[in-house]
Amino acid sequence: MKLKKILSVLLFLFLSTVFLFGEEIATDCVYRTLSLEEKEVYKKIGSAVSNNEEFVYDVLPSSKANLKVLSAYMDDHPGTFWLEEKLAYTRDKEGHTCIKLFYTHTDSLELDKARFRLQTQLFHRFLEQDDNPWIKLYHIYDFLAKNIKYDNDYMDQSLWSVFFDGIGVCAGFARTFQYLALQEGIPCLIVKGREKDENGNISPVLHAWVMALINNTWYQFDPTWGLVDSIGNVDFNYFCRSDESMMRTHVIESDYPLPDCPSDRFSYVRMRHRYMDYFSILEFSNIVQDAFEREEYAFTVEFADQTAFQDALDYLITNGGIFDIFRNLGYSVNQLLYVKNPQNLSLKISASAPN
């Protein structure tokens, strides 16, 4: 089993490249995991999409098998906002077995492609100011959290709805994050699965998030869970996480092997020194001071174990010590929210801008 995991990691490290196909940004992460027969259908789907063709011939013998390949193609090509993730296993007018693809934007595709390219190029010009991939991914995560509204009833799961309607569901958030990361040359792939609550109950609703590669190590990100709270603050708790951390709240259900994400080294709480081995009033005060000086009025602190977590809750929340800390630092806030997360032993404090 260990050898299999190592080989999986090496596969992605070696082959997770980013390509520019004409005007389209894509990766071959999923393609490389398919069988020879699946790869042939994948390439035929790609050819059909490029030529706006509805029918693909000489395909796999079941609708489920072909849908797996279509999903793989879309996971490698997040910018194909006009292609729907559904198909019909059918026959054409001559009786030949084939699959039928479904497209949107049929009346204005070339114009909409041009509008989309312009929008993403503008974002690229903003991100290209920094060569650090962590900073680039931070800005992508922050942009989605602050500017896009989540609507569970929204039907469009593509990047189009995110950029032009300002609305999306988890798939739209994930595909937008992936596309913008690929645009910056950062290997990134879609992860599919479900959410899990603190009692271990798994949601019946499908969910999507991403993995991205930083300095030869993969990390998980859930941009949908970064959405601003009622005060308008972003939650970075699900930015750049390890498998161990993410799997406390997520369950992966993937049709293909994924790389391991072994480290929380670049997680936001680690990078901002908001991880506490034990609860300390002085250390927590320093975290508040640092966060507010960065104008981050929401911040998450993680704790090494249940004892440290409970000590923090007792002092800060039960006994109201958080107000003493604000007062001692000279901060006065009109609104204060907190979210305790027993799954990953974290406490999120979210405040209005101090007076």
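Index from 1, following the sequence.
Remark: aromatic rings of Phe326 and Phe292 are close, center separation under 6.0 Å.
Under the side-chain hydrogen bond (donor to acceptor under 3.5 Å, both in side chains) criterion, the residue pairs touching residues 60-69 are Glu38-Lys68, with sequence neighbours excluded. Among residues at least two apart or in separate chains, there is no salt bridge (Lys or Arg N to Asp or Glu O under 4.0 Å) pair with a member in residues 205-216. Listed by first and then second residue, the salt bridge (Lys or Arg N to Asp or Glu O under 4.0 Å) pairs involving residues 310-328 are Asp324-Arg327 (not counting sequence neighbours). Judged as a side-chain hydrogen bond (donor to acceptor under 3.5 Å, both in side chains), the pairs with a partner in residues 130-139 (not counting sequence neighbours) are, in order, Lys136-Glu184.
Salt bridge status for Glu84 with Lys86: present, with a side-chain N to carboxylate O gap under 4.0 Å.
Scanning for salt bridge (Lys or Arg N to Asp or Glu O under 4.0 Å) contacts around Asp142 gives Lys146, with sequence neighbours left out. With sequence neighbours excluded, the residues satisfying salt bridge (Lys or Arg N to Asp or Glu O under 4.0 Å) with Glu244 are Arg248. Legend: residues meeting side chain to side chain contact (heavy atoms under 4.5 Å, CB included) with Ala304, ordered by chain and number and at least two apart, are Tyr275, Asp277. Residues passing the salt bridge (Lys or Arg N to Asp or Glu O under 4.0 Å) test with Asp264 are Arg241, sequence neighbours excluded. In terms of the salt bridge (Lys or Arg N to Asp or Glu O under 4.0 Å) criterion, residue partners of Arg175 (sequence neighbours excluded) are, by chain and number, Glu85. A search for ring-ring contact (aromatic ring centres under 6.0 Å, His included) contacts involving Phe221 returns Phe177, Phe239, not counting sequence neighbours.
Atom CZ of Phe102 has more than 12 neighbouring heavy atoms from other residues, nucleotides or ligands inside a 6.0 Å radius. Counting heavy-atom neighbours within 6.0 Å of Phe164 CZ, excluding the residue itself, gives a total above 12. Other residues, nucleotides and ligands place more than 12 heavy atoms under 6.0 Å from the CD atom of Gln121.
Aromatic ring orientation, Phe81 versus His105: perpendicular (interplanar angle above 60°, classes split at 30° and 60°). The aromatic rings of Phe163 and Phe116 sit perpendicular to each other, their planes meeting at more than 60°, with 30° as the lower class boundary. Below 30°, between 30° and 60°, or above 60°: for Tyr73 and Tyr42 the angle between ring planes is above 60°, a perpendicular geometry. Using a 30° and 60° split on the angle between ring planes, Phe303 and Phe309 fall in the tilted class, from 30° to 60°.
Just one of Lys192, Arg194, His207 meets the side-chain hydrogen bond (donor to acceptor under 3.5 Å, both in side chains) condition when paired with Glu253; it is Arg194.
Under a 4.5 Å side-chain heavy-atom criterion applied to ILVMFWY residues, the cluster that includes Leu36 comprises that residue alone. Other members of the cluster containing Phe55 are Tyr57, with ILVMFWY side chains joined at under 4.5 Å, either directly or via other members.
Atoms CG and OG1, on Leu347 and Thr300 in that order, are 8.0 Å from each other to the nearest 0.5 Å.
Within the cation-pi definition used here (under 6.0 Å to the ring centroid, within 45° of the axis), Arg274 does not qualify as a partner of Tyr268.
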